[in-house]
Engineer: 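Pasting a structure here, questions to come.
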Amino acid sequence: MDKCWLEKKVKGFDGFVIDQVDDITKQISREIKLLFDNCKENYSNGKRIIKFKIQNDTDLIKDGFKIINKNEIIEIIGKNTMGLLYGLYTLYRREILKNKYEEIISNPDQSIRMINHWDNMDGTIERGYAGESIFFKDNSFRRDFTLVEEYARLLASVGINALSINNVNVHKIETELITEKFLPELVILNQIFNRFGIKMFLSINFASPKRVGNLDTSDPLDENVIHFWKETIDRLYRYIPNFGGFVVKADSEGEPGPFTYNRSHVDGANMFGRLLEEHGGLCIWRCFVYNSTQDWRDRSTDRARAAYDHFMPYDGKFNNNVILQIKLGPLDFQVKEPVSPLFGALKKTNHIIEFQLTQEYTGQQKAIYYQVPVWKEALDFDTQHNGVGSFVKDMIKENSPVSEHSGICAVGVVGTDNNWTGHKLMQINLYAYGRLAWNNCLTTEEISKEWVKLTFNLTDDYSEILEEILNTSRETYQLYNAPNGVGFMCRPNHHYGPDIDGYEYDRWGTYHFADRDGVGVDRSKTGTGYVEQYSDEICDYYNSLETCPDDLLLWFHHVPYTHVLQNGKTLIQDIYDNHFEGVERVKKYIEQWKNFKEVVDHVDFENILDRLNEQYRLSIEWRDQINTYFYRKSGIKDENGRKIYL
Ligand code: GCW
């Protein structure tokens with residue numbers, strides 16, 4: 001498999017010394033052999049050597065490290081052994097990037113830095129576009145432990161420390177993952193992850209007591225149900241004493257949950273919380289709960305309100321080891337959504353923000369879509385809940401009663417494809433996710449520069465072009481997609497390509513309400529009232545047509561096609577302009593990429609070119625369907641007389 005950003009070797013170090021001996025320090029020796037050329041173990045007489053030391057340094061928090069570079073001796077100091085490993089990966093990066101430094105002090109900004117796999121045991125991956133599951137095959141384990149180990153290395157090298165291996169939609173066979181029959185193999189996987197400081201979690205089925213425990217109920221307050229879960233959890237921890245815990249998707253899109261028994265999500269989550277607590281485990285409970293059997297005629301229900309409406313009333317009621325997992329936006333990983341109003345509002349409940357690495361709605365590993373701009377938009381958003389400067393990235397930990405039980409998680413992207421992510425360039429999202437979760441202040445440009453340098457061997461001119469393509473890719477994708485934040489104009493079910501009315505009369509609660517006069521969802525104070533879920537300041541900002549940003553206008557308001565935006569254009573003209581421009585940009589990416597033929601690996605070159613051609617084809621489809629649709633609805637011509645089909 002492709003070694004991604006760990007391909008190159010560091011030269012010029014003579015040896016290294018580590019005092020401590022445990023699994024992680026053994027791991028450090030292995031890593032040095034893989035990443036450094038001719039660097040001898042237990043050797044301190046050379047010119048350039050690395051010394052590893054555990055120290056209770058007051059500058060450091062858990063997993064943090066210092067690197068001190070003095071007279072050719074590099075000292076890596078960790079608060080714990082994982083700090084040493086993270087320090088080593090950082091040293092590796094600095095050497096490859098040729099960054100100069102004397103002292104680095106680095107602590108993670110977020111405690112939980114997790115990946116959720118949506119892998120099924122038959123080997124498929126829900127919303128996966130990079131091959132099959134690296135964990136499972138034929139309703140069992142794949143048993144390619146080398147692959148798992150290579151993956152664990154990639155994750156640890158960017159600071160990821162938690163992972164759930166199976167889909168949150170837990171089907172029949174996966175429901176049995178918690179039973180005796182699968183535990184021995186889970187032990188093996190866990191050992192691999194452990195060596196890289198990664199905690200392993202399982203997604204569980206809320207209805208397991210009925211489905212595998214032969215009970216007639218899964219009511220979380222029923223004694224037999226509690227007993228079933230206690231036995232299950234105790235057994236899991238007998239096999240895997242440092243098991244992470246459970247991820248739970250309950251009462252969501254047909255998955256079972258406490259509502260079946262007229263119980264609340266607090267009843268459900270705390271039942272797990274109490275049982276897991278004895279073992280130091282966590283219950284990660286998803287907030288993706290909404291009515292997925294809505295009637296499009298019903299204008300009073302607004303899906304965007306759902307997470308807040310369901311969970312806000314229970315703030316402060318959850319156990320200390322229960323963590324709410326909240327999708328970045330209130331709908332579902334659209335190209336453009338406002339941040340979930342739960343951030344900043346939730347004040348007494350542990351929580352993590354959820355991103356999506358796999359490109360479900362954003363090109364399915366065919367389009368270039370570098371996600372740091374999306375994530376930064378969310379993390380840097382000022383909720384103004386505690387006055388100006390109440391940024392989401394801070395609110396997450398400050399408002400979690402146990403700040404170690406807060407952080408970030410992201411839906412996984414890798415599969416068995418040789419380059420892991422289907423599209424070679426989209427390896428950047430996995431890399432960037434870890435880097436940004438560790439250091440929330442890194443910029444879009446800093447991360448792409450690092451990744452390009454670590455991954456390719458390009459001169460500065462070429463690097464700059466590639467970085468530019470990556471840095472602008474989200475904006476490009478946004479230009480030719482559903483306009484001005486309205487969302488969901490994709491094909492139903494598989495979500496690839498445009499189908500403007502595909503969800504308009506369906507049950508999923510994702511409508512755009514276009515008619516002959518205008519388009520958009522009225523979520524203002526006089527509409528569904530969604531906007532009131534934000535702090536007063538943010539509510540006013542989005543509620544007013546004067547201040548609501550152009551690219552979120554149709555998320556919050558239904559406006560006429562002739563409405564004049566802040567950029568001075570009418571809405572209809574903005575839709576046309578953006579869609580023409582989006583396609584031109586993709587065309588330019590292709591022209592630019594063609595010049596890389598001689599300077600990158602042949603397989604990578606072809607992989608990226610093929611996918612760019614497909615992105616171009618689909619961007620034209622988006623442009624023409626959207627432009628024609630709105631031209632037909634509005635009857636208003638493009639001011640610039642470009643081709644719009646009738
Ligand atoms: O958007 C939806 C996806 C589902 C996914 C769900 C979720 C795993 O289309 O495939 O199910 O989100 O996040 O639970």
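Since the model is a prediction, treat every value here as computed from it, not as a measurement. In listed order, ligands and their atoms are each counted from 1. Here, residue 1 is the first one in the sequence, and each next residue gets the next number.
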Engineer: Looking at E404 and K397, is there a salt bridge between them, counting it only when a charged N and a carboxylate O are closer than 4.0 Å?
Structural biologist: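 No, no charged N to carboxylate O under 4.0 Å.
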Engineer: Tell me whether R507 at atom CZ has more than 12 heavy atoms from other residues, nucleotides or ligands lying less than 6.0 Å away.
Structural biologist: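 Check passes, neighbour count above 12.
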Engineer: Strictly by modelled atom types, are T124 and D122 linked by a side-chain donor-acceptor pair under 3.5 Å?
Structural biologist: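 Checked: T124/D122 side chains pair up, N/O donor to acceptor below 3.5 Å.
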Engineer: Establish, from distance only, whether the side-chain atoms of T293 and N291 form a donor-acceptor pair under 3.5 Å.
Structural biologist: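 N291 and T293 do have a side-chain donor-acceptor pair below 3.5 Å.
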Engineer: Say whether Q359 and Q364, considering side chains only, have a donor N or O and an acceptor N or O under 3.5 Å apart.
Structural biologist: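 Looking only at side-chain atoms, Q364 and Q359 do not form any donor-acceptor pair under 3.5 Å.
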Engineer: Around ligand 1, what residues show up once you keep those with a heavy atom under 4.0 Å from it?
Structural biologist: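 These residues qualify: W118, E126, R127, N167, V168, N169, K249, E253, R286, F288, K327, D332, E360, Y361, H495.
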Engineer: Just by modelled atom types, is the F288 backbone N or O under 3.5 Å from a matching donor or acceptor in the S252 side chain?
Structural biologist: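 Between the backbone of F288 and the side chain of S252 there is a qualifying donor-acceptor contact (under 3.5 Å).
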